[in-house]
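Everything on this sheet refers to the single structure shown next.
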Amino acid sequence: MIESPLLPNLTGYLAGRWAESLGGATLAVVSPANGELLGRVSAAGGEQAASAVEAAASVLARPAPPAQRQVWLLAIHDALLANQAELARIITLENGKPLKESVAEVEYAAGFFGFFATQLDHLAPRALPDRIRGCHWTVHQRPAGVAALITPWNFPLAMLAKKLSAALAAGCSVVTKPASATPLSAIALWTLLDRLALPAGLANLVIGPAGPLSEVFCGHPAVRIVSFTGSTEVGQRLAQQAAPHFKRLALELGGNAPFLVFEDADLEAAVAALIANKFRAGGQTCVCTNRVLVQVGIVGRFAERVAERVARLKVGDGLDPATDIGPLINRDGFDKVAAHVANALAGGARRLAGGDPPRPAQAWGAFYPPTVLVGVEPSMQVCAEETFGPVIAIGGFNDEAEAVRLANGTPYGLAAYLFTRDAERANRVAARLRFGHVGVNTGTGPTPEAPFGGMKRSGYGREGGLEGLLEFCEPQAIAAV
Ligand code: NAP
């Protein structure tokens with residue numbers, strides 16, 4: 001069992017207090033590395049979710065001014081950084097990712113609170129310069145209302161931080177549901193919030209099976225926005241559930257990121273960027289490269305350099321400082337990766353690195369070796385679907401037009417990367433890529449300061465940047481005589 005000063009209670013947080021256990025239902029949190037039971041968290045159902053929404057709605061009757069919200073945001077930012085090491089340990093224990101990545105995740109999470117603390121001036125009312133229709137006009141950014149936040153397991157702290165920071169900055173109150181596999185990071189964050197003595201009901205945490213909780217979030221009239229990060233399938237379901245109530249939705253869904261390498265690219269830089277981008281969280285991020293497309297003249301050379309680098313990566317327990325790649329979240333994740341690799345090999349792809357690891361006998365311990373495949377085709381599962389694992393799948397293209405066509409040949413549109421020394425080509429190709437985030441000569445992912453989100457089946461809405469703040473606001477125009 002996990003012992004941590006940040007986990008004094010393994011339960012949710014409602015109306016300014018730790019939630020009481022209801023009927024003894026619990027959720028077991030298990031280390032993906034070794035199966036150790038980390039804790040049993042009391043599970044909430046629909047009734048607790050409704051109480052949380054009502055607590056959140058009641059606090060909106062006494063809105064906090066922007067200056068107060070700024071104080072809270074900065075205090076949360078500082079509390080996260082002051083507890084960075086312990087938060088990182090909790091992330092690694094429940095998610096499995098290498099400790100160095102968890103340390104970076106805490107800093108990334110804190111960055112959203114720090115950034116939004118600097119953005120509140122943008123919410124000041126805007127007066128229109130002209131008297132129109134005989135009236136003075138002002139545009140106000142009002143808080144959208146109660147915000148329901150649903151987050152996945154791959155960044156147990158950062159995904160939550162992105163939403164919570166923007167919602168609080170906008171003046172919303174929140175009800176949050178973290179992934180059932182990784183609720184401990186959320187509880188640790190709420191321990192820090194509890195110490196800050198925020199108004200009761202401002203930030204509520206409900207942990208439990210998704211179905212009954214999301215039914216409340218989508219159906220309760222007080223919830224005005226549902227912000228979700230996770231799979232496209234669940235995003236679709238939420239859109240259907242929320243449609244009759246005209247709730248706003250922000251959906252950060254799955255991706256299928258292409259990584260284009262043109263013949264004139266700096267190959268060493270492209271290889272290094274690919275390795276850093278691809279193996280973050282063991283390949284289980286929505287912005288991880290899924291398809292590498294290399295101009296035909298350099299495919300062989302590029303693939304060999306990648307395979308050499310990949311052979312040096314160490315797979316193991318995330319708590320071991322030497323580990324580069326931790327376990328996949330569970331055996332289902334392992335099965336998907338193994339099936340994609342088998343499908344590619346059966347279709348004629350060659351494996352330059354990796355192997356056939358034994359299928360774990362239980363849900364945990366899903367270690368998969370970093371794998372490099374060359375000669376993949378767009379129709380193979382490894383290209384057509386999001387693999388969500390440590391597999392680099394390399395295919396080819398002949399010219400710029402084909403590169404753009406192949407890159408856009410997916411229903412997803414979250415992140416894309418391109419490498420070329422030709423600045424004009426970079427601008428031309430970036431403008432034609434239907435992805436919300438494009439890296440030019442870099443594999444860098446999102447940052448608090450810039451809007452991040454998807455096109456097409458990767459969802460709508462943005463997180464980070466001013467756009468991420470406005471997601472939680474509703475504009476109101478006032479015409480006054
Ligand atoms: P998931 O199954 O969709 O789960 C995400 C969250 O949704 C969890 O909290 C989950 O709760 C909840 N959920 C499950 N079923 C639900 C339902 N019927 N109604 C409401 N909520 C429900 O996704 P995942 O497997 O955890 O995450 C991987 C996916 O997320 C990938 O496709 C990845 O690309 C995407 N992702 C996208 C971004 C982005 O920014 N676009 C970032 C990270 C990940 P339980 O855990 O209780 O089931």
Side-chain angles (χ1 to χ4, degrees), residues 12 25 27-29 32 41 43-46 49 94-95 97 105 108 112 148-163 175-186 205-219 223 226-242 247 249-257 280-290 328-330 332-333 336 385-389 410-415 435-437 445-447 450-464 468 471:
L27 209 141
V29 186
V41 177
E94 67 175 351
N95 167 280
K97 68 176 67 176
E105 180 173 340
Y108 180 55
F112 282 89
L149 318 177
I150 306 177
T151 53
W153 46 263
N154 59 352
F155 289 89
L157 185 69
M159 291 297 155
L160 218 159
K162 284 180 167 198
K163 300 179 190 302
V175 179
T176 301
K177 185 211 126 31
S180 296
T182 57
L184 302 180
S185 305
L205 177 66
V206 286
I207 301 167
L213 303 189
S214 77
E215 223 168 90
V216 172
F217 294 169
C218 292
V223 174
V226 179
S227 174
F228 169 79
T229 299
S231 59
T232 295
E233 294 68 31
V234 172
Q236 267 174 341
R237 208 168 308 158
L238 289 172
Q240 284 162 354
Q241 278 181 298
K247 285 181 202 291
L249 286 176
L251 300 175
E252 303 283 342
L253 309 177
N256 184 348
R280 203 154 157 237
Q284 302 171 104
T285 89
C286 54
V287 293
C288 276
T289 295
N290 201 54
L328 295 169
I329 190 70
N330 56 32
D332 287 348
K336 185 177 188 193
E385 299 169 27
E386 191 182 31
T387 301
F388 237 50
T410 169
Y412 298 95
L414 197 56
F435 295 83
H437 173 95
T447 182
F452 172 76
M455 298 182 184
K456 304 194 291 188
R457 285 171 71 95
S458 293
Y460 40 75
R462 292 293 180 268
E463 288 184 331
E471 209 63 60

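Atoms within a ligand are numbered from 1 in the order they appear, just like the ligands themselves. What you see is a predicted model, and the numbers here were worked out from it, not measured in a lab.
- For Lys163 (side chain) and Thr176 (main-chain N/O), no donor-acceptor pair under 3.5 Å exists by modelled atom type.
- Side-chain N or O atoms of Lys177 include none that pairs as donor or acceptor with a backbone N or O of Ser214 at under 3.5 Å.
- With Glu471 contributing its side chain and Ala250 its backbone, the two residues share no donor-acceptor pair below 3.5 Å.
- Thr285 contributes a side-chain N or O that, together with a main-chain N or O of Cys288, makes up a donor-acceptor pair within less than 3.5 Å.
- When side chains are defined from C-beta on, Tyr412 does not count as touching Asn290, because their heavy atoms never get closer than 4.5 Å.
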Give every pair formed by an N or O atom of ligand 1 and a protein N or O atom closer than 3.5 Å, one pair per line with both atom names and the distance to 0.1 Å, or write none.
| residue | atom | partner | partner atom | Å |
| --- | --- | --- | --- | --- |
| ligand 1 | 3 (O) | Ser231 | N | 2.8 |
| ligand 1 | 3 (O) | Ser231 | OG | 2.7 |
| ligand 1 | 9 (O) | Thr151 | O | 2.7 |
| ligand 1 | 11 (O) | Lys177 | NZ | 3.1 |
| ligand 1 | 18 (N) | Arg237 | NH1 | 3.2 |
| ligand 1 | 19 (N) | Ser214 | OG | 3.2 |
| ligand 1 | 23 (O) | Ser231 | N | 3.4 |
| ligand 1 | 25 (O) | Trp153 | NE1 | 3.4 |
| ligand 1 | 26 (O) | Trp153 | NE1 | 2.8 |
| ligand 1 | 30 (O) | Gly230 | O | 3.2 |
| ligand 1 | 32 (O) | Glu386 | OE1 | 2.8 |
| ligand 1 | 34 (O) | Glu386 | OE1 | 3.3 |
| ligand 1 | 34 (O) | Glu386 | OE2 | 2.6 |
| ligand 1 | 41 (N) | Glu252 | O | 3.4 |
| ligand 1 | 41 (N) | Leu253 | N | 3.2 |
| ligand 1 | 41 (N) | Leu253 | O | 2.7 |
| ligand 1 | 46 (O) | Ser180 | N | 2.8 |
| ligand 1 | 47 (O) | Lys177 | NZ | 3.0 |
| ligand 1 | 47 (O) | Ser180 | OG | 2.5 |

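- Without hydrogens or angle criteria, Ser458 side chain to Gly254 main chain gives a donor-acceptor distance under 3.5 Å.
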